[in-house]
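Let me begin by presenting the structure, written as structure tokens, before commenting on it.
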Amino acid sequence: MRIATWNVNSIRSRVDRVTAFLERHDVDVLAIQETKCREDQFPALELSSMGYEYVHVGLNQWNGVALLSRVGLDDVTTSFADQPTFGDPPVLEPRAVGATCGGVRVWSLYVPNGRDLEHEHYAYKLEWLARLRADAEGWLAADPDAQIALTGDWNIAPQDDDVWDMAVFEGKTHVSEPERAAFRAMVDTGFSDVVRPYAPGPGTYTYWDYQQLAFPKKRGLRIDFVLASPALAARVDGAFIDREERKGKGASDHAPVVVDLA
DNA sequence: ATGGTGGGCCACCCA
């Protein structure tokens, strides 16, 4: 079974790339982030005609997450417990969707960006990660053998090697100690990064800014991850970042991350 | 190629 995660930066503008990616890599389950559309705007026909079931949560042009699966899509959850809200009035943003696909509990997660260290969005990000971790700890406590994949755009570069130049990120989000501590806490809870062993750094990234020719200049960040519970991690027998997908006209600024299960 | 972001959508926000 093959699972992938991809921040597509608008599913409507990227649907042809998504269908081509699914075919090219024979993907069974795809977690999508930043669909940037309402549920009624989701390109359902293109994807379902390929044999994928789907669930999408989207309120407007912001955020939006989805799961596509051709190995079943059961027990759908469109948020996690105590998922924080943002804004005034408070909105439960569409940033998390979970479903059981072929015996694996897969989550598509779009962690808040944080914007700046002083911004309320940054406090929101840390709270969001803390509540996710607490909920995920409960899932493992309830069933230590559960196969759980926490996939998505984490908007955290856990290690210095995960950014092209640490000096550029001094005082910025994505590399701050509280964010890295939140990521480590997920790992300490039992969810390990199953891609890094197959795609080691330095210089291995999943995101490159559209600006300043960042991609050809190899100026990227590793911020998209698949974190697996112990039982799932034991099944992983391969993983890669599809850097080719960042090339050419009409690319997302993120590359897909793919994990193979025995 | 001597440039230099792109997606939402229509006045800017977000990444």
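Naming: A, B, ... by sequence-line order, numbering from 1 per chain.
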Spacing between [X] atom [atom1] and [N] atom [atom2], to the nearest angstrom:
{"X": "A:Lys36", "N": "B:dG6", "atom1": "NZ", "atom2": "P", "value": "12 Å"}
{"X": "A:Gln61", "N": "B:dC13", "atom1": "CD", "atom2": "C1'", "value": "8 Å"}
{"X": "A:Ile32", "N": "B:dG7", "atom1": "CD1", "atom2": "P", "value": "16 Å"}
{"X": "A:Gln212", "N": "B:dA1", "atom1": "CD", "atom2": "P", "value": "21 Å"}
{"X": "A:Asn7", "N": "B:dG8", "atom1": "CG", "atom2": "P", "value": "13 Å"}
{"X": "A:Arg219", "N": "B:dT5", "atom1": "CZ", "atom2": "C1'", "value": "15 Å"}
{"X": "A:His121", "N": "B:dA15", "atom1": "NE2", "atom2": "P", "value": "5 Å"}
{"X": "A:Leu213", "N": "B:dG3", "atom1": "CG", "atom2": "C1'", "value": "8 Å"}

| A:Arg12 side-chain N/O to B:dG7 phosphate OP1/OP2 under 4.0 Å |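 False: A:Arg12 side-chain N/O out of range (4.0 Å or more) of B:dG7 OP1/OP2.
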
| field | Given DNA chain B, 5'-ward residue of the pair A:Ser13 and A:Tyr207, judged by closest heavy atom | value |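 Checking each residue's closest nucleotide, the 5'-ward one belongs to A:Ser13.
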
| message | With nearest nucleotide decided by heavy atoms, which residue, A:Trp62 or A:Ala251, maps closer to the 5′ end of DNA chain B? | response |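 Residue closer to the 5' terminus by nearest nucleotide: A:Ala251.
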
| Which part of the nucleic acid, if any, lies within contact of A:Phe215, taking any heavy atom under 4.0 Å across all strands shown: a base, the sugar-phosphate backbone alone, or nothing? |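 Answer is nothing: A:Phe215 stays at 4.0 Å or more from every strand.
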
| request: Check every strand shown and say whether A:Arg14 touches a base, only sugar-phosphate, or nothing at a heavy-atom separation below 4.0 Å. | output: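 If one applies the 4.0 Å heavy-atom cut-off, A:Arg14 turns out to touch the sugar-phosphate alone, with no base involved.
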
| said: One thing to verify: whether A:Arg180 and A:Asp160 come together as a salt bridge, which I'm taking to mean a side-chain N less than 4.0 angstrom from a carboxylate O. | reply: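 Salt bridge present between A:Asp160 and A:Arg180.
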
Distance between the [atom1] atoms of [N] and [M], in whole angstroms?
{"N": "B:dC10", "M": "B:dT5", "atom1": "P", "answer": "23 Å"}
{"N": "B:dC14", "M": "B:dC9", "atom1": "P", "answer": "15 Å"}
{"N": "B:dG3", "M": "B:dG8", "atom1": "P", "answer": "29 Å"}

| From B:dA15, B:dT5, B:dG8, pick the nucleotide closest to the side chain of A:Tyr210? |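 Closest nucleotide among those given: B:dT5.
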
| field | Gap separating the CZ atom of A:Arg246 from the CG atom of A:Asp253, nearest 0.5 angstrom | value |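 Rounded to the nearest 0.5 Å, the CZ-CG separation comes to 6.0 Å.
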
| A:Phe169 ring center near A:His174 ring center (under 6.0 Å) |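 Aromatic pair excluded; centres sit 6.0 Å or further apart.
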
| field | Within-4.5 Å side-chain heavy-atom neighbours: A:Leu92 and A:Ser79 | value |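 Side chain of A:Leu92 against side chain of A:Ser79, heavy atoms only: contact under 4.5 Å found.
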
| So what's B:dC14 paired with, Watson-Crick or G-U wobble, going by both distances under 3.5 Å? |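 Its partner is B:dG6.
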
| Are A:Asn9 and A:Glu34 linked by a side-chain donor-acceptor pair shorter than 3.5 Å? |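 Judged by distance alone, the side chains do not pair up.
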
